[in-house]
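First up is the structure itself, then whatever we jot down about it.
Below, each value reflects all heavy atoms present in this structure, side chains not excepted, and no hydrogens, waters or symmetry copies. Numbering of ligands and ligand atoms starts at 1, following listing order.
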Amino acid sequence: MAVVRSNVRIASDVYILEAEGHFAGEMGQFYMLRGWDDYPLLSRPISIHDKTEDGIRFLYRVAGYGTEKLSRLKAGDPVGLEGPFGNGFPQIEGRVALVGGGMGTAPLYYAAKRLASADAYLGFSAEAFGVEPFREAAQAVTVNVGGYIVDDFRPDGYAAVFTCGPLPMMRALAAKLDGSGIPLYVSLEKRMACGVGACLVCSCATKSGNRKVCADGPVFRAEEVELNDDFNIH
Ligand code: FES
């Protein structure tokens, strides 16, 4: 069990929970969070949003019983934290574009901090959130509210693109990068139970057979996976 340092609402139904302590984890990895003792028994997979010397932050949307329970935690409350899990994003030497939609922007902030050079493209359907910290961590920040962030994205000059967000956005991005030779890394989300590759709940079809999003992902090269509606992302 870790201890909650703060749990702040930053937009409608969107919160940032910070736990105290020194935690391991790289960009794109996730933790299983649990802020309750009763039903449901399963923890919730939530990606690392930020990490400092003495704390770790998770940006999450209240979307059901589990996250509603999380949102009620207060400073000093215990919170179950297991992790880090998953493979995370690769370290890239050159300039990287981070393209996120809605809650998919959550793992990209820590990536912006960890990469030597990154531009952020952040799309929101109605209400932007969590944008200001990107302005320090990234070289350039483009925000689109109510439109299509992929329309604002020009692929020129990037060594790689990392994305997380709604499937239509990631599909449009993959189409835009097609033939460019720029590698696209997608962070996928599926319902999870164990988080460590034991239960197969999060299986997905890839070109190299069935893989587990929790243990083999959540980050895949876009051309490896079918970006189909199996993924219930944000
Ligand atoms: Fe159990 Fe992925 S959540 S195998």
Side-chain angles (χ1 to χ4, degrees), residues 1-2 13-17 19 23-51 56-71 73 78-90 100-111 162-167 169-171 174 184-234:
M1 279 284 176
D13 295 335
V14 180
Y15 292 74
I16 293 180
L17 183 147
F23 293 89
E26 270 307 329
M27 53 179 173
Q29 290 191 297
F30 66 93
Y31 273 75
M32 300 294 281
L33 272 73
R34 180 183 155 97
W36 55 90
D37 287 326
D38 54 350
Y39 177 87
L41 295 173
L42 303 181
S43 301
R44 290 286 169 271
I46 303 183
S47 60
I48 297 170
H49 176 60
D50 191 15
K51 208 162 63 74
I56 188 165
R57 288 189 189 139
F58 300 93
L59 188 156
Y60 64 98
R61 185 189 296 281
V62 173
Y65 186 83
T67 41
E68 206 271 323
K69 285 272 196 185
L70 274 184
S71 74
L73 295 178
V79 59
L81 273 187
E82 275 183 80
F85 297 127
N87 57 357
F89 290 112
M103 295 306 295
T105 59
L108 301 183
Y109 175 60
Y110 193 47
F162 297 174
T163 190
C164 186
L167 279 168
M169 183 202 78
M170 296 200 292
R171 278 196 208 109
L184 173 63
Y185 294 87
V186 295
S187 178
L188 301 177
E189 183 179 308
K190 277 203 111 178
R191 234 166 237 305
M192 291 184 190
C194 71
V196 293
C199 71
L200 305 185
V201 160
C202 68
S203 282
C204 71
T206 72
K207 291 203 174 125
S208 48
N210 277 354
R211 309 275 295 278
K212 292 165 233 161
V213 172
C214 68
D216 301 317
V219 177
F220 294 90
R221 284 286 292 263
E223 65 266 25
E224 271 183 64
V225 287
E226 275 292 315
L227 291 174
N228 58 32
D229 296 332
D230 279 0
F231 299 103
N232 47 349
I233 306 178
H234 315 291

Show me which atoms of ligand 1 lie under 4.0 Å from any heavy atom of Gly195. 1 (Fe), 3 (S)
Quick one: sort the Tyr15 and Tyr60 rings into parallel, tilted or perpendicular, breaks at 30° and 60°. parallel
Tell me, which protein residue and heavy-atom name are nearest atom 4 (S) of ligand 1, and how many Å apart are they? Leu200 N, 3.1 Å
Those atoms of ligand 1 less than 4.0 Å from some heavy atom in Gly197: 4 (S)
Should Phe89 and Leu108 be marked as a side chain to side chain contact (heavy atoms under 4.5 Å, CB included) after you check the CA-CA gap, both sets of side-chain angles, and the distance that decides it? CA-CA 10 Å; Phe89 290 112; Leu108 301 183; 4.0 Å; yes
Atom of Gly101, atom of Pro166 and distance for their closest heavy-atom approach: O-CD, 3.6 Å
Just verifying a value: how many Å separate Ile48 CD1 and Phe23 CZ, rounded to the nearest 0.5 Å? 10.0 Å
Indicate yes or no for a side-chain donor-acceptor contact from Asn87 to the backbone of Val219 under 3.5 Å, with no hydrogens or angles considered. yes
Residue portion contacting ligand 1 (non-hydrogen atoms closer than 4.0 Å) for Ala198: backbone
What residue and atom, counting heavy atoms only, is the protein's closest point to atom 1 (Fe) of ligand 1, and at what distance? Cys199 SG, 2.2 Å
Need one value: angle at atom 2 (Fe) of ligand 1, Cys214 atom SG versus Cys202 atom SG, rounded to 10 degrees. 100°
